Amino acid sequence: MQYRRCGQAPGTISPEDQVVIGAFRSMLAALRTSEPWTPGSTHPIAVRVGTAVERARLRPGDSDGPDVIAIALEHPDGPHTPYGAAYRRLGWLRCDTAAILGIWTPAYAPLTHAASGLNLPATIGMDPAHYAVHVQAQTPDAVRTLLRLGPYTQTGHAYRDAERLTALLDARQLTAAPGARLTVATAPFRADRHHQYTDPARAYVDALLADTLTRTPASPNPG
C-alpha cells in the first residue's frame with residue numbers, strides 16, 4: 001500500500017518533502033566529499049561523538065603530538081546560540097584527530113544531538129584540555145617566561161591563580177630586572193613541555209613567585 005499526503009497526486013513530491021530530500025542529499029554529499037581538515041586551519045570542524053557528528057572549534061597551539069588537539073564543541077547553529085549552554089559547559093577537550101571528519105558544513109547539522117532533540121552525553125570520551133598560568137618579564141627587546149604553572153583542568157582555577165598573582169605583583173610591587181614589566185596570563189598547557197611546569201596543586205604559588213623573582217637573572221632572555 002502506498003501512502004501519500006491528502007490532495008497530493010500519485011507520483012508527485014510535495015514541497016515539504018522536497019526540502020527534506022534535498023537536505024538528506026546534501027548531508028550524504030558532505031559525508032562523501034567533506035573538505036579535509038589540515039593542522040593550522042581555523043575553520044570549525046565536524047567531529048564524531050559516538051554515533052553523532054558535532055561542530056567544534058579548535059584552540060591553536062595546544063597539542064600533544066600530531067594526533068591530539070584541543071577543541072570546544074559548539075551548537076550546530078554556532079557558538080552564540082542561546083540554547084547552546086549544554087555545549088559550552090564541557091569546556092575545552094582533547095580530541096583524537098582520527099575523530100575529525102573534515103571542515104564543518106551545515107549539511108552535518110541533521111547528524112548532531114541537537115537536531116535529534118537530545119542532550120549531549122555526560123561523558124563523550126574526551127579528556128579535558130589542560131590550562132596553564134604564565135608569569136613573564138617583558139622588555140622592549142625580549143620576553144622571558146619566568147614561571148609556568150600547570151596543568152589546570154578548569155579555566156576557573158587558572159583564572160583564579162592568575163588574578164591572585166597579578167594582585168600580589170601590584171600589592172608588593174615585585175619586579176624582575178630593571179626595566180622589565182611583569183605580566184601574568186592564562187595560556188594553553190603544552191603537554192610536550194610538561195617538564196617546564198610546576199604543578200599548582202603541589203606548590204604555594206605566592207611563595208613560588210617570590211622565590212622565582214629572587215632567582216631571576218639581571219636581564220631577561222627570549223623564551
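Owing to the predicted nature of the structure, the values given are computational and were not obtained by experimental measurement.
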Side chains of [X] and [Y], heavy atoms from C-beta outward: is any pair under 4.5 Å?
| X | Y | result |
| --- | --- | --- |
| Thr186 | Asp161 | no |
| Leu149 | Leu208 | yes |
| Arg164 | Val205 | yes |
| Leu165 | Val135 | yes |
| Leu58 | Thr42 | no |
| Thr97 | Val68 | no |
| Ile69 | Trp37 | yes |

Nearest 0.5 Å please: distance from the [atom1] atom of [X] over to the [atom2] atom of [Y].
| X | Y | atom1 | atom2 | answer |
| --- | --- | --- | --- | --- |
| His130 | His194 | NE2 | NE2 | 13.0 Å |
| Thr112 | Glu74 | OG1 | CD | 12.5 Å |
| Leu209 | Leu169 | CG | CG | 5.0 Å |
| His75 | His80 | NE2 | NE2 | 13.5 Å |
| Ile45 | Ile100 | CD1 | CD1 | 4.0 Å |
| Arg181 | Gln138 | CZ | CD | 4.5 Å |

Non-hydrogen atoms of [X] and [Y] that approach each other most closely:
| X | Y | value |
| --- | --- | --- |
| Pro121 | His113 | CD-NE2, 3.6 Å |
| Arg48 | Met126 | O-CE, 4.3 Å |
| Pro36 | Ile103 | O-CG1, 3.8 Å |
| Ala158 | Tyr131 | CB-CB, 4.2 Å |
| Val47 | Ala56 | CG2-CB, 3.8 Å |
| Gly150 | Tyr197 | O-CB, 3.7 Å |

Could you tell me if the ring centre of Tyr152 sits under 6.0 Å from that of Phe189?
-> no
Partner of Trp104 by side chain to side chain contact (heavy atoms under 4.5 Å, CB included), out of His43, Arg55, Arg57, Glu35 = Arg55
Ser41 side chain to Thr38 backbone, donor-acceptor under 3.5 Å | no
Quick one: does Thr166's side chain have a donor or acceptor within less than 3.5 Å of a partner on Ala162's backbone?
-> yes
Should Leu147 and Val184 be marked as a side-chain contact (heavy atoms from CB on, under 4.5 Å) after you check the CA-CA gap, both sets of side-chain angles, and the distance that decides it?
-> CA-CA 9 Å; Leu147 177 63; Val184 183; over 6 Å; no
Given Ile124 and Leu73, is the side-chain contact (heavy atoms from CB on, under 4.5 Å) satisfied, shown in steps?
-> CA-CA 11 Å; Ile124 60 173; Leu73 295 183; 3.5 Å; yes
Check: Gln136/Thr145 side-chain N/O donor and acceptor closer than 3.5 Å | yes
